[in-house]
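Read the structure below first, then the notes.
Protein chains get the first letters and strands the later ones, always in sequence-line order, with residue 1 at the start of each. As the structure is a computational prediction, the values presented were derived from the model and not from experiment.
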Amino acid sequence: MTNHIVDLKNTDCALIMGSNAAENHPISMRWLLKARENRGAKIIHVDPRFTRTSARSDIYCPMRSGTDIAFLGGMIKYIIDNELYHKDYVVNYTNAAFLVKEEYGFEDGLFTGYDAEKRKYDVSSWDYQVDEAGLPLKDLSLQDPRCVFQLMKKHYERYDIETVCKITGTPKNKYLEVLKTFCATGAPDKTGTIMYAMGITQHTVGSQNVRSFAMVQLLLGNMGRPGGGVNALRGENNVQGATDMALLFHIIPGYIDSPISNAANKDLLSFIRAQTPGAAKLPFTNLEEFRALVKAGFPNSGFKINTSKWVISLLKAWWGKAATLDNDFGYHYLPKRDGNKNYSHIALFEAMHRGEIDGLFVNGTNPVVGGPNANKEQEALTKLKWMVSVDLWLNETADYWTYQGWERTVKNPDVPTYTPADIQTEVFFLPAAAVYEKEGTAAQTGRWVQFRWKGADPVGESKADLWIYNELGKRIKKLYAGSTKPQDEPIVNLDWNYDDEHGHDDIMKVALELCGYNVADGTPVEGFAKLSDDGSTACGCWVYCGAMTYKDGKIIYKTQNRDNKDNSKTGLGLYSNWAWAWPMNRRIVYNRCSVQPDGMTPWPGDEERQLIRWDPTIPADPKKPEALGSWVGDDVPDFLKPTSPDKPAFTGPFIMRPELKGCLFAPKSAMKDGPFPEHYEPWESPTENIMNKQNLNPATKIWEPDKQGTTDKYPIIGTTYRVVEHWQTGALTRNLPWLAELMPDMMVELSEQLAKEKGIKNGHKVVISTTRGDIEAVACVTKRFKPFIVNGKTVHEIGLLWHYGFKGYATGDPANRLTPHIGDANTMIPEYKAWLCDIRRA
Amino acid sequence: MANLTNLYDVSKCTACRGCQVACKDWNQLPAVIEPFKGNYQTHKDTNGDTFTIVKFMEYEDPVDGVQWNFLKYQCMHCFDPACMKVCPRQAYSKTEWGATFHDPDKCIGCQYCTYACPFEVPKYREREDKITKCTLCVDRVEAGLTPACARTCPTGALTFGPRDELLQVAEERVKFLRVNGFPNATIYGKLELGGLNKLYVLTDTPDKFDLPVNPKVSGNTVFWQDWIQPYFGWLIPLALAGSATSFITTRILANKHGAHGEGGHE
Ligand code: SF4
Ligand code: SF4
Ligand code: SF4
């Protein structure tokens with residue numbers, strides 16, 4: 001979330017799309033309902049099906065799964081056509097005025113630079129026009145035909161209401177009602193929030209769906225302001241923390257790209273050159289020269305000009321004393337990935353299926369239930385030599401090799417089945433402690449990092465993750481101890497000291513490394529601005545830097561703060577002394593936008609929602625009283641306090657972007673599939689794309705072309721989702737009788753019309769099939785699902801819970817035995833949310 | 001002592017059923033796992049091991065389209081409880097703050113209260129041959145805590161406090177809702193049956209929430225109280241011996257039961 005959960009109470013209008021907030025983020029509704037109660041806010045829910053969220057919304061608007069860009073593209077057009085955008089905001093805080101290269105273009109659904117064979121774009125034309133100094137050219141009147149604003153206007157010309165509704169299947173009057181209601185937040189004294197979740201991301205155009213949100217919110221001036229923002233409701237309580245820690249293949253902690261085995265990443269200096277925006281062509285041959293350039297500042301860099309400090313502090317944290325200037329601070333120890341290879345979930349399981357992977361650690365995940373194309377992923381597990389499952393329960397993945405694991409309701413020659421005798425994998429199970437049985441932090445959806453104290457001792461032999469991985473680390477190091485082989489150096493030299501004096505793992509030691517310490521004396525670094533690239537600081541994740549401080553000889557870990565008084569003067573609910581939010585305890589990121597370009601005047605009529613402002617009369621640093629001028633306010637400003645009006649950053653709210661502006665146009669390599677979001681159909685779709693000539697996102701990799709279902713056999717759209725009663729693959733909740741009681745069986749929701757066509761009655765057992773497999777479920781025939789009229793034709797959609805598996809009190813077939821192995825062009829997140837199937841009575 | 005009550009504001013309820021689980025947790029009630037029958041509401045009604053349920057009701061309105069109504073259902077802790085009137089063993093009593101308390105030690109499992117209750121709340125627990133129902137968390141409230149269900153509610157739909165204060169809150173809410181898209185919004189429990197120690201803010205008329213619009217205590221109950229109960233002391237041995245009374249009273253009350261119908265989802 002750019003904002004945070006409590007902030008929902010400050011909104012004038014909420015657009016909930018691709019999210020079932022009431023069911024999956026129940027607490028978010030508490031604050032949203034306050035906004036309705038206290039400010040008369042409107043709640044809009046856009047979803048293929050009427051849910052518990054719709055029941056609490058003012059407007060429910062149906063939309064066919066996989067058509068979000070059409071829906072939002074139409075909204076962008078509506079905002080522009082009716083001049084509902086927040087003009088001052090758009091001109092000053094976005095790249096609307098920037099001129100784009102003449103070579104850039106768009107035709108027939110393709111942006112310039114497409115290579116059909118590789119299904120990839122050469123992005124070099126997706127860039128700004130620049131002056132001699134390399135700075136982007138602008139037209140602040142937004143009239144130049146090559147400016148972003150005009151290009152955007154032209155791009156979305158095709159997204160008229162008629163065409164959009166033909167694609168989305170939304171009734172026109174409902175669509176208009178949504179447009180009118182939400183776009184009214186473009187008024188300077190109004191803000192609107194967008195809440196989304198997996199219904200937006202789990203598509204072949206998932207990233208561009210989110211981009212569309214960003215564009216709408218930038219146009220309406222809703223970013224960086226209370227009650228606004230693009231708010232990803234994260235699917236697990238600590239999934240934000242997992243991304244911060246880089247549990248992903250393409251980044252290292254702190255959202256820095258992981259190095260690739262190519263010339264541009266060959267040594268530390270090249271890596272820093274490649275990672276620091278604006279540094280590519282600068283003349284420097286060593287770190288010292290580079291440091292001088294950074295100090296003087298160079299254009300098109302943004303806050304990422306500091307990347308070298310984050311990278312070197314990270315290397316210092318990992319290899320300690322062994323990381324020195326002479327050995328590139330151990331940069332060579334970092335594994336380098338193959339730049340042409342994908343290592344995301346689908347790719348891993350494809351590789352495993354080909355027999356390329358020997359062993360697997362499975363922690364807190366359950367791919368036999370949760371993975372896309374679960375039949376295939378379960379088969380892939382059989383190719384492993386060993387597997388370690390770390391979980392609270394023997395879940396479906398831990399027990400994938402059992403007879404039970406291969407029972408299928410429908411015999412299908414295309415679906416492989418095994419018996420335990422066929423499977424050679426050695427499976428180890430490590431019982432894990434539950435969250436209340438261990439201590440540590442979790443970063444929730446609003447970026448608040450909250451410490452949790454242990455409530456009870458772990459049951460039986462179960463252990464905290466830290467214990468498990470600390471032991472593993474220590475034992476691996478022991479195995480390699482004394483080795484003089486250069487290839488063993490990364491392990492031999494690894495700085496692994498997380499034990500207290502009694503030899504027990506000490507979570508505060510992990511925390512200190514994460515938040516950063518001064519190498520000389522081990523005291524915490526007080527913020528990432530104080531990190532350095534000379535090896536004097538170590539920091540495991542720069543965005544967490546500043547969470548620890550030293551006071552009266554004691555280390556204070558701010559994630560343990562528990563002051564539930566609201567610190568904001570106008571009651572905005574920042575609660576800045578409750579836990580700690582990254583970065584720098586900033587509760588609303590890009591908060592520069594909450595005040596006008598002059599830095600001092602609030603948006604007209606919106607004094608109460610001003611988060612920070614420039615005060616020219618007071619010093620930023622009490623130690624330097626002569627230097628007047630400082631950013632002040634209830635929230636932590638998004639840049640250094642003395643950033644004065646003469647600095648370009650003064651009017652650059654989006655500090656992580658080199659141009660410092662919100663990107664209506666995503667230049668260069670920001671996106672793999674286009675600088676503007678464009679509507680493409682899901683991989684399996686019931687219709688042709690009527691917006692352009694490409695059916696599928698042209699930059700998406702196709703893994704299993706032979707598995708693409710077509711409407712002749714599979715005319716119905718299938719989608720998956722969760723309910724409040726269960727959590728993810730159900731390993732936690734289906735093992736609790738009280739929750740099993742509430743949602744006891746696998747069920748599928750379908751409309752009364754489809755049920756009639758298929759002779760299905762409420763409560764009947766039904767079979768749902770795709771090219772990947774078949775499952776059985778109980779039918780929930782409901783008025784809450786309605787057929788869509790798509791391009792003149794009636795199209796049905798059904799929805800399945802993906803919580804079920806063969807273990808626990810509440811059991812059922814995993815819905816993911818049906819879902820395809822295809823993902824988003826940027827993130828490779830699987831397209832769980834829109835595919836083709838058929839349904840019949842069992 | 002002023003009455004303490006639960007206020008349930010349906011306009012804020014997301015049907016998360018946290019209340020249902022919290023109730024089971026506090027009262028240590030076992031799970032009753034029944035197969036899914038095509039409705040989120042997995043139990044048609046409360047039962048001996050389930051003191052409260054959230055009901056789910058779908059409607060299609062020609063103007064407003066689909067409506068999905070939720071209702072947390074449990075004992076209403078009536079001011080003048082019919083259950084208490086018919087109980088032959090005085091197992092029921094009112095606490096000074098308004099809870100209708102049922103004492104299992106006195107209960108003989110005859111189930112007359114079930115039939116007398118206008119909401120059919122008291123339920124038979126076979127394994128103990130006793131009646132059970134929501135206690136309004138007497139044990140918690142008397143220890144200075146709020147009821148388990150209200151404490152757990154994430155949205156603020158369920159609150160607990162002095163009835164007169166909550167009644168004011170409810171009246172404000174209804175006023176607000178009536179001009180904000182819910183012209184039929186109403187309070188339930190203020191006057192029904194002379195007052196319930198359980199207040200509801202409804203976004204529509206009670207029938208849309210499966211609540212009796214005009215709940216009435218059956219004439220049989222009055223008859224029972226005035227005519228049969230006084231002699232019940234000597235009827236019990238008879239009843240236990242031959243179940244004759246049980247036969248008669250069940251017949252007397254059968255009509256009322258039938259009138260309630262099966263209800264629920266299609
Ligand atoms: S806990 Fe609250 S929101 Fe959830 S079902 Fe119960 S009353 Fe409704
Ligand atoms: S609702 Fe029924 S059980 Fe509860 S107090 Fe009233 S009559 Fe008694
Ligand atoms: S008041 Fe107590 S007993 Fe009654 S429903 Fe709530 S939790 Fe259950």
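- There is no contact between A:Val748 and chain B, counting heavy-atom distances below 4.5 Å.
- Considering only heavy-atom pairs separated by less than 4.5 Å from chain B, the leading option among A:His764, A:Arg56, A:Met743, A:Met746 is A:Arg56.
- In terms of heavy-atom pairs under 4.5 Å with chain A, the best-connected choice from B:Gly181, B:Ala157, B:Pro154 is B:Pro154.
- Ranking A:Gly40, A:Ala21, A:Gly763, A:Ser54 against chain B, the residue ahead of the rest is A:Gly763, based on heavy-atom pairs under 4.5 Å.
- The minimum heavy-atom distance linking A:Leu742 with B:Arg17 is given by the pair O-NH2, 3.1 Å.
- Taken to the nearest 0.5 Å, the CG atom of A:Leu32 stands 11.5 Å off from the OG1 atom of B:Thr155.
- Scanning all heavy atoms of the two residues, the minimum distance from A:Pro744 to B:Pro35 falls at CG-C, 4.1 Å.
- The minimum heavy-atom distance between A:Trp738 and B:Asp25, with the atom names listed, is CH2-CA, 3.3 Å.
- Looking at heavy atoms from C-beta onward, B:Glu58 lies out of side-chain contact with A:Phe50 at the 4.5 angstrom threshold.
- In terms of heavy-atom pairs under 4.5 Å with chain B, the best-connected choice from A:Val723, A:Leu736, A:Val724 is A:Val724.
- Across A:Met747, A:Met29, A:Lys761, the residue that shares the most heavy-atom pairs under 4.5 angstrom with chain B is A:Met747.
- Closest heavy-atom contact between A:Ala740 and B:Ile33: CB-CD1, 3.9 Å.
- Shortest non-hydrogen contact noted between B:Phe176 and A:Arg36 is CZ-O, 3.5 Å.
- Using a 4.5 Å heavy-atom cutoff, the side chains of B:Val66 and A:Lys786 are in contact.
- With a 4.5 Å cut-off on side-chain heavy atoms, A:Glu37 and B:Arg173 count as touching.
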